[in-house]
Amino acid sequence: MKTAERTIAAISTAYGESGIGIVRMSGPLAKEIVSRIFVPYRRKNAPQNQKQTPSGAFVFRDRTMHYGHIADPKTGETVDEVLCVYMKAPHTYTGEDLVEIQCHGSMVSLRRILAICLENGAEPAERGEFTKLAFLNGRIDLAQAEAVIDVIRAKTGKSLETAVSQMEGKLSEKVRAVRKGLLDLLVLLTVNMDYPDEDIEEATYAKILEGIRGAESGIESLLSNADEGKIIREGLSVAIVGKPNVGKSSLMNLFLGEHRSIVTEIPGTTRDTIEEQISLRGIPLRLTDTAGIRETADVVEALGVDRSRDAFNRADLILLLLDSSRDLSEDDLSLMEAAEGRPCIAVLNKTDLPARVTEEDVRSRLKTAQVISTSLLNDEGTEVLKDAMEALITGGKVRREEDILVSNSRHIRLLQQALSELREAESMTKRSEAIDFIEVNVNAAFGYLGEITGDTASGEIIDAVFERFCLGK
Ligand code: GDP
């Protein structure tokens with residue numbers, strides 16, 4: 001059955017216990033099904049006020065909340081007290097007739113209502129099928145649909161803001177503008193290909209080059225904020241490493257803003273690696289305190305085990321803690337060696353105590369890291385540390401309000417592919433090569449950009465995008 005012919009139903013709210021829950025139905029039978037299973041309040045008391053079909057079914061008004069019960073038409077059994085709304089196609093989320101049944105958020109009630117919808121002609125929705133319908137019915141494009149899932153999963157204010165802007169179509173708008181330029185260019189190329197016998201003028205190559213450069217600069221400006229966009233969407237993984245007792249838990253607590261991990265004065269009394277999600281000025285961070293390292297004698301050897309090593313190797317940023325009040329130990333030196341060349345900030349802690357190690361000492365040994373002094377005990381240097389982390393993430397750039405943050409890896413990859421095709425086309429144009437060859441690359445770039453918005457995406461790509469969704473969305 002084609003999607004448009006199916007009427008699908010799913011529980012759209014989170015599983016668990018909550019005040020209310022929503023069962024959603026979309027498709028041609030949605031209204032008929034809900035009319036059959038919904039018993040409006042007042043019907044018993046004031047039937048003359050209710051609109052009814054000849055069969056006695058309730059008539060739903062478009063976009064109006066109706067209060068009543070859901071009852072199983074087979075048994076007459078009442079399931080739950082509900083509010084129901086029917087939204088008439090095509091101006092709905094899916095572009096089809098849409099019904100939302102708001103019941104109490106108990107799984108028993110939600111499952112029972114869903115089951116009744118299914119018994120009465122609906123089919124279970126697939127993951128992301130409601131949003132997929134919105135895409136297939138042309139309500140939103142693929143990039144907008146992908147942003148829906150990002151909005152749902154947003155961890156911080158900034159992630160939400162980026163996702164909402166993409167959902168509103170800001171990225172698509174920009175991509176379409178670049179694509180429009182490429183389309184004009186393709187027309188120019190085709191016209192010239194159609195008259196191969198005539199000499200192609202210098203001026204034509206200059207025009208082609210101008211078109212290619214225009215598209216390139218549009219893509220480059222989108223890609224210029226991609227690293228930050230990706231971090232804002234996916235979060236940055238940060239590993240906190242250091243020998244026992246340097247202040248790893250204290251640092252973790254600073255970020256958490258509360259004393260969640262236990263600070264202890266006895267080295268070795270510790271937990272396993274812990275990961276915490278936090279927000280640093282709106283940027284989501286996944287922090288791992290590699291406390292497990294202290295459990296073996298050799299710190300670096302400990303990096304060879306399980307999660308500590310994993311966290312160290314996978315980290316986008318390493319915060320290497322050192323104790324300024326004690327001479328650098330073998331452990332410190334080994335950790336510094338392991339961190340060399342990786343994105344790393346060395347945090348020289350306990351500056352409130354007499355110094356045995358200076359920033360210079362650290363810099364001379366760990367050349368690739370920034371060094372920042374802190375006293376976590378007295379909350380000194382912590383803002384400088386946060387500034388440094390933020391600058392690393394944003395690349396020190398100050399973004400303008402209107403800049404678009406490309407955050408999705410799929411979009412970034414496609415933009416890069418389109419750009420590389422255009423660069424190829426650019427160098428061929430400069431060599432005045434045959435127009436047919438140039439056209440192949442420009443066309444490929446045009447196709448890649450179309451995959452972002454879904455204009456040229458295959459069914460396989462579209463399916464893959466929606467598989468990442470949750471049920472009921
Ligand atoms: P971890 O073993 O690396 O997780 O270190 P902790 O965070 O548990 O800290 C070990 C001890 O050092 C605790 O007693 C902390 O209060 C203390 N400590 C942490 N930061 C500082 C600091 O900046 N100055 C001083 N004097 N003590 C600190």
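For ligands, and for the atoms within them, numbers begin at 1 and follow the listed sequence. Every heavy atom of this structure was used, including side-chain atoms; hydrogens, water molecules and symmetry mates were not.
- Polar contact check, Pro244 against ligand 1: no nitrogen or oxygen pair lies under 3.5 Å apart.
- For a threshold of 3.5 Å applied to N or O pairs, the pair formed by Val246 and ligand 1 contains at least one separation below that value.
- Nearest residue to atom 21 (C) of ligand 1 from Asn378, Asn349, Asp323, Leu254 is Asn349 (criterion: closest heavy atom).
- Close N/O approach between Thr351 and ligand 1 is not found [any backbone or side-chain N/O within under 3.5 Å].
- For Arg112 and Asp72, the salt-bridge test passes: some basic side-chain N is under 4.0 Å from an acidic carboxylate O.
- With a 4.0 Å heavy-atom cut-off, ligand 1 is reached by the side chain of Leu353 but not by its N, CA, C or O.
- Ser26 and Glu96 share a side-chain donor-acceptor pair at under 3.5 Å.
- Ligand 1 has no N or O atom lying under 3.5 Å from any N or O atom of Thr374, backbone or side chain.
- Among Val347, Ile240, Asn245, Val241, the residue whose heavy atom lies nearest to atom 11 (C) of ligand 1 is Asn245.
- Geometrically, Lys473 engages Tyr93 in a cation-pi contact, judged by NZ or CZ lying under 6.0 Å from the ring centre and within 45° of the ring axis.
- Salt bridge status for Arg410 with Glu146: present, with a side-chain N to carboxylate O gap under 4.0 Å.
- Each of the atoms 6 (P), 7 (O), 9 (O), 19 (C) of ligand 1 lies under 4.0 Å from some heavy atom of Ser250.
- A salt bridge is defined here as a Lys NZ or Arg NE, NH1 or NH2 lying under 4.0 Å from an Asp or Glu carboxylate O, and Glu383 with Arg281 meets this definition.
- Ion pair Asp323/Arg356 not flagged as a salt bridge, since none of the NZ, NE, NH1 or NH2 atoms sits closer than 4.0 Å to an Asp/Glu carboxylate oxygen.
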